[in-house]
Amino acid sequence: LIFIRPEFEIFIVQQPENQHQKKKKESTKGIQGLFGDILSRGEINSFKLEHGSVELKYAADSTFIGRVKNLILEGKGIETDSIQVKNLIPFKMSGFYSSLDSVVIQLNQYTELRIGFIEYHEDNSEFQMNNISMAFTQDRLEVSQIVGNQIDLIEVAIKHLKISQLDAQSNLSTDIDIRAKSILIDGLILKDFRDKNKPRPPDTEKPMFAGMVQNMPIPLKVDSIYIKNSDIYYSELGEGKSDAGTIHFADLNGSIVNIT
């Protein structure tokens, strides 16, 4: 079964803040249900979707959320009598490949996520992304005005990210769970800006690195994380000042081991 240049529109029902995670899970299950229903209607042992596009909108007013172009999915050796709930195509398969490019997602009124390319090879247990950016769509002082509090405003760009030797227990489709031998982060540029003219939020304890890892919203078990060719910029606008000062840590390289 082959789909050529299909176009999908997905409408998201907005829910209270404390139910956002549930909403994401239910949206993914809806996509799984679509593929599951199509493939289970006949004796289909291979499936391919070529050059598809997906557009996400809010159901209430059709406001744009995100877009994916050139989506490719390919499943081989599909066994429709063997359900695998963690797979986007929810059946046992002998091989699976997916890729997409030109991803744009509006995270909030002032932040946009873009990804140039994503590719996943189940055969060699490798997942990679190129040209990732999470950046403000407005000037950082305007963003600071919208936020209203003195917090770290962070923008990130990554040239290349590769996850190698993914464990069979990893899940990249529904409830994200990453278990792998290594993660390579190449060409990271992190920009952190703080406006000292804004009121400080209530004091909270700043966790050390171990605490930050433990509080990550995605389960992670990785032998090693390698960071190459990276830069960090910290900028601070002092009280009553019009220009920010910046500290630049250049050409950073390093590794972190035994992340759980």
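These figures come from a predicted structure and were not determined experimentally.
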Colleague: Measuring from atom CG of Leu166 to atom CZ of Arg179, what distance do you get when rounded to the nearest 0.5 angstrom?
Modeller: 11.5 Å

Colleague: Is there a path of hydrophobic side-chain contacts, each under 4.5 Å between heavy atoms, that joins Ile225 and Met129?
Modeller: yes

Colleague: Would you mind telling me which of Asn229, Asp186, Asn130 makes a side chain to side chain donor-acceptor pair (under 3.5 Å) with His160?
Modeller: Asn130

Colleague: Just to verify, what does Arg67 make a side chain to side chain donor-acceptor pair (under 3.5 Å) with, not counting sequence neighbours?
Modeller: Glu55

Colleague: Are Val103 and Leu113 side-chain neighbours, meaning at least one heavy-atom pair lies under 4.5 Å?
Modeller: no

Colleague: Taking only distance into account, with no hydrogens and no angle test, what donor-acceptor pairs under 3.5 Å do side-chain atoms of residues 138-149 form with protein atoms, sequence neighbours excluded?
Modeller:
| residue | atom | partner | partner atom | Å |
| --- | --- | --- | --- | --- |
| Asp139 | OD2 | Leu141 | N | 2.9 |
| Ser144 | OG | Asp195 | OD2 | 3.1 |
| Gln145 | OE1 | Lys198 | NZ | 2.6 |

Colleague: Report the residues that fulfil side chain to side chain donor-acceptor pair (under 3.5 Å) with Asp231, sequence neighbours left out, ordered by chain and then residue number.
Modeller: His248

Colleague: Any link between Leu100 and Tyr97 through a network of hydrophobic side chains (Ile, Leu, Val, Met, Phe, Trp, Tyr) touching at under 4.5 Å?
Modeller: no

Colleague: In terms of hydrophobic clusters joined by side-chain contacts under 4.5 Å, are Val104 and Phe11 together?
Modeller: no

Colleague: Are Phe193 and Thr246 close enough that some pair of their side-chain heavy atoms sits under 4.5 Å apart?
Modeller: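 Side chain of Phe193 against side chain of Thr246, heavy atoms only: no contact under 4.5 Å found.
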
Colleague: Side-chain atoms of residues 68-79: list all donor-acceptor pairs with protein atoms under 3.5 Å, sequence neighbours left out, distances to 0.1 Å.
Modeller:
| residue | atom | partner | partner atom | Å |
| --- | --- | --- | --- | --- |
| Asn70 | OD1 | His51 | ND1 | 2.6 |
| Asn70 | ND2 | Asp101 | OD2 | 3.1 |

Colleague: Considering residues at least two apart in sequence or located in another chain, which fulfil the side chain to side chain donor-acceptor pair (under 3.5 Å) criterion with Lys181?
Modeller: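 Lys181 satisfies side chain to side chain donor-acceptor pair (under 3.5 Å) with Asp223 once adjacent residues are dropped.
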
Colleague: So, for Gln106 and Phe64, which heavy atoms are closest and what is the spacing to 0.1 Å?
Modeller: CB-O, 4.5 Å

Colleague: At their closest point, which heavy atom of Val222 faces which heavy atom of Ser182, and how far apart are they?
Modeller: CG1-CA, 3.8 Å

Colleague: If we only count heavy atoms from C-beta on, is the Phe3 to Leu1 side-chain gap below 4.5 Å?
Modeller: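 Phe3 vs Leu1: side chains touch.
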
Colleague: CD1 of Ile185 to CD1 of Ile256: how many Å apart, nearest 0.5 Å?
Modeller: 7.5 Å

Colleague: Contact between Leu153 and Asp192 at the side-chain level, heavy atoms closer than 4.5 Å - yes or no?
Modeller: no

Colleague: Same cluster or not: are Ile158 and Phe136 linked, directly or through other Ile, Leu, Val, Met, Phe, Trp or Tyr residues, by side-chain heavy atoms under 4.5 angstrom apart?
Modeller: no

Colleague: Rounded to the nearest 0.5 Å, how far does CG of Asp251 lie from OG of Ser230?
Modeller: 8.5 Å

Colleague: What are the two closest non-hydrogen atoms of Ser242 and Leu237, and how far apart are they?
Modeller: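 What the structure gives for the nearest pair is C-CD1, 3.8 Å.
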
Colleague: To the nearest 0.5 Å, what is the distance between OG on Ser98 and CZ on Phe96?
Modeller: 4.5 Å

Colleague: In the structure I gave you, are the side-chain heavy atoms of Leu184 and Ser164 within less than 4.5 Å of one another anywhere?
Modeller: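 Contact flag for Leu184/Ser164 side chains = no.
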
Colleague: How close do Glu122 and Met93 get, heavy atom to heavy atom, and via which atoms?
Modeller: OE1-O, 4.4 Å

Colleague: Does the side chain of Arg114 reach to within under 4.5 Å of the side chain of Asn131, using non-hydrogen atoms?
Modeller: no

Colleague: State, with a plain yes or no, whether a side-chain heavy atom of Leu49 is found less than 4.5 Å away from one of Phe8.
Modeller: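 The answer is yes, as the side chains (C-beta and beyond) meet within the 4.5 Å cut-off.
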
Colleague: Do Asn197 and Glu239 come within less than 4.5 Å of each other through their side chains, counting heavy atoms only?
Modeller: yes

Colleague: The criterion is side chain to side chain donor-acceptor pair (under 3.5 Å); which residues satisfy it with Glu9, sequence neighbours excluded?
Modeller: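 Testing Glu9 for side chain to side chain donor-acceptor pair (under 3.5 Å), a comparison that skips the adjacent residues, returns Lys57.
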
Colleague: Hey, quick one: are Tyr226 and Leu188 part of the same hydrophobic cluster, counting side-chain heavy atoms closer than 4.5 Å, chains of contacts allowed?
Modeller: no

